[in-house]
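Just so you know, these numbers come straight off a predicted model, no measurement behind them. All residue numbers refer to positions in the sequence shown, counting from 1.
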Amino acid sequence: MATNGKTNGAPAVNGAAYPITDHTFDVVVVGAGGAGLRATVGCSQAGLRTACISKVFPTRSHTVAAQGGISASLGNMGEDDWRWHMYDTVKGADWLGDQDAIEYLVREAPAAVYELEHWGVPFSRTEAGKIYQRPFGGMTTHFGEGTAQRTCAAADRTGHAILHTLYGAALKHNTEFFIEYFGIDLIMDEDGRCRGIVALDMTTGTIHRFRAQMVILATGGYGRAYFSATSAHTCTGDGNAMVLRAGLPLQDMEFVQFHPTGIYGAGCLITEGARGEGGYLTNSEGERFMERYAPSAKDLASRDVVSRSMTMEIRDGRGVGKNGDHIYLHLDHLDPKILHERLPGISESARIFAGVDVTKEPIPVLPTVHYNMGGIPTNFHGEVLTLKDGNPDHVVPGLMAIGEAACVSVHGANRLGSNSLIDLVVFGRAAGLRCAEIVTAGEKQSDLPANSAEMALSRLDKLRNANGSTPTAELRLDMQRTMQNNCAVFRTGEVLEEGRTLINKVWKSSDDVRVTDRSLIWNTDLIETLEYENLIEQAVVTMESAANRTESRGAHAREDFPDRDDKEWMKHTLCWADVSNKAVNIDYRPVHAYTLSNEIEYIAPKARVY
């Protein structure tokens, strides 16, 4: 491991000298959630020297919080077919998903789940010993005719089971982990190739420069740009922001999924599996109102439909509670034995965060930010794409993105529940396979440009010494409130225009941030400020993209444009952010209207009803 500079001296107070420790790997994976760990295992298995950088201990990555399950057409609980899964995913995505990528996802899904099973994921079992599968929103048989039981579950702690298993697999394959390292910025050369990443070791305050043939971003979503989110506080979309600062676009950022059932007040998630097991929603009149909005799927309609229905009930004065501002989720009619066996985690969450005994009383719930459909544009190999010289599929060399950070796009305008965990493992695996093809183990890498750490270090130094008048927490709260009020479940041109003004104002006032701790070791003030800077860039891009799309599609529902407009808007939004001038620029990529094989035809758009 080559090093330059002193690696033991503390950084000079004036910021002139931050000693840098240099590392060289074949592949560097940033993020140790489901996607990052699956890619890490794949690259290590292929004999590539792989590093995995994570800002939290791997098993604390947010995948650990995924409850309901992972979708795959195994057919253990009734007939199933990957073509039905594909139809559901295309329809769920409101025809904004790329059908070649969707076909790849659903065809690879069963093998990916069996692989997890063989690695040791403790799935719940049927009487016959097969993997237990539950019904989930939007999952059907026979192209929308029946209800599919497609979601493979380990009680209501599926993400927890998968993450721990993958971490074990990564350790078994001798991956080198750099834990509690915060990725600051990518290193890009003048040819537009990604050459590595600069990171801060939060425990020692030292700077590390990782040179690699391939950098894989698996940094998760940016739910914490909103006030109420089911995401962990670490979900700040760090990779997305690095991509923006590298002069590359993000795709479809206007599509933000609200999970219908976050615990009122806490935002903590109650899995859709609760409704899959027979739970239902009621309003202040005790009415099961979903029957009015989605007559056939009812409480198991797709998430955007359920979230909007709940919001309409509340706005029409039928909300529950003393302020009439939420809805009840009933599980009290279910057998306590089933609750204990299949939903133990949420029974506990309801008790802790809402003071509710689910066997006797309903849980107070409210739609809460849950998932970002948008992210870094990629193909189904995980390679990052950009629009260059008229080519919408130009591959950015040396850079990949997977998981919630990426926009493949299999989820389009709205992700179906239980399609996120399968997305992680299928495309994490795809990225590993692609690296095995195009990266040569141990190949000599040319020297990094002399100023390769300049952008990262100047940003770090500027924020570390930031002496404005506004604390980070105040700016963050302004951003979160603006996003919650002006870019949520219901949108109108007027509300979004006001949001654009407000969010750009917050962005501009970020220059006035104040950081009080000047140290580098476990400086949470500095890390939260770096995270805030990442969030505000994505918040602006999200608001601008939403104001720009004049139609309703999936999670993006506008009251002033209630209909989907396939003629004008069947395209992916690309949004660039000029961080120094605080400006954004929007362009488009076509949706891939073709499949991967001739075993299924392109699924043509039609009205999306449940």
Side-chain angles (χ1 to χ4, degrees), residues 5 9-21 30 53-56 178 180-188 196-210 217 219 222 224-225 233-247 451-480 503-541 577-583:
V13 178
N14 62 9
Y18 286 84
I20 296 174
T21 305
V30 188
I53 300 172
S54 178
K55 71 176 177 182
V56 294
F178 293 83
E180 291 171 338
Y181 277 58
F182 186 87
I184 303 174
D185 267 308
L186 298 172
I187 300 169
M188 305 293 289
I197 183 171
V198 179
L200 167 70
D201 177 353
M202 296 186 283
T203 61
T204 63
T206 51
I207 303 295
H208 294 254
R209 180 166 47 191
F210 293 84
L217 295 173
T219 47
Y222 63 100
R224 283 289 154 185
H233 289 276
T234 52
C235 295
T236 51
D238 304 327
N240 290 10
M242 291 182 212
V243 161
L244 283 175
R245 288 191 295 270
N451 62 349
S452 62
E454 189 64 31
M455 178 166 93
L457 292 183
S458 58
R459 272 186 61 240
L460 178 75
D461 191 61
K462 187 179 114 212
L463 291 179
R464 181 174 157 229
N465 295 298
N467 203 16
S469 57
T470 320
T472 306
E474 196 177 306
L475 287 164
R476 185 174 57 218
L477 191 58
D478 284 350
M479 166 190 71
Q480 291 174 332
I503 204 71
N504 277 291
K505 191 172 150 212
V506 179
W507 197 17
K508 289 189 169 67
S509 58
S510 303
D511 293 338
D512 186 43
V513 69
R514 180 173 81 238
V515 173
T516 50
D517 184 351
R518 303 276 180 252
S519 73
L520 277 169
I521 297 174
W522 276 127
N523 183 346
T524 50
D525 193 8
L526 174 61
I527 295 297
E528 284 189 21
T529 306
L530 285 162
E531 289 178 326
Y532 161 74
E533 197 168 69
N534 288 342
L535 283 171
I536 186 68
E537 290 164 14
Q538 292 166 92
V540 169
V541 164
D578 176 347
V579 177
S580 46
N581 296 315
K582 306 271 194 288

Between [atom1] of [X] and [atom2] of [Y], what distance do you get to the nearest 0.5 Å?
{"X": "Ile527", "Y": "Asp238", "atom1": "CD1", "atom2": "CG", "answer": "9.0 Å"}
{"X": "Asn523", "Y": "Thr516", "atom1": "CG", "atom2": "OG1", "answer": "8.0 Å"}
{"X": "Ile536", "Y": "Glu531", "atom1": "CD1", "atom2": "CD", "answer": "14.5 Å"}
{"X": "Gln538", "Y": "Asn240", "atom1": "CD", "atom2": "CG", "answer": "4.5 Å"}
{"X": "Leu244", "Y": "Asn534", "atom1": "CG", "atom2": "CG", "answer": "9.5 Å"}
{"X": "Leu475", "Y": "Ser510", "atom1": "CG", "atom2": "OG", "answer": "5.0 Å"}

Are any non-hydrogen side-chain atoms of [X] and [Y] less than 4.5 angstrom apart?
{"X": "Glu537", "Y": "Trp507", "value": "yes"}
{"X": "Asp185", "Y": "Val198", "value": "no"}
{"X": "Leu526", "Y": "Asp517", "value": "no"}
{"X": "Val30", "Y": "Phe210", "value": "no"}
{"X": "Leu530", "Y": "Arg459", "value": "yes"}
{"X": "Arg518", "Y": "Asn467", "value": "yes"}
{"X": "Lys55", "Y": "Thr236", "value": "yes"}
{"X": "Ile207", "Y": "Leu200", "value": "yes"}

Under 3.5 Å, is there a donor-acceptor pair between the Asp512 and Thr470 side chains?
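A donor-acceptor contact under 3.5 Å links the two side chains.
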
Please enumerate all residues that pass salt bridge (Lys or Arg N to Asp or Glu O under 4.0 Å) together with Lys582, with sequence neighbours excluded.
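Partners of Lys582 under the salt bridge (Lys or Arg N to Asp or Glu O under 4.0 Å) test: Asp511.
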
Checking Arg224 now: which residues fulfil salt bridge (Lys or Arg N to Asp or Glu O under 4.0 Å) with it, not counting sequence neighbours?
none

Would you find more than 12 non-hydrogen atoms of other residues, nucleotides or ligands less than 6.0 Å from Lys505 atom NZ?
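Check fails, neighbour count at 12 or below.
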
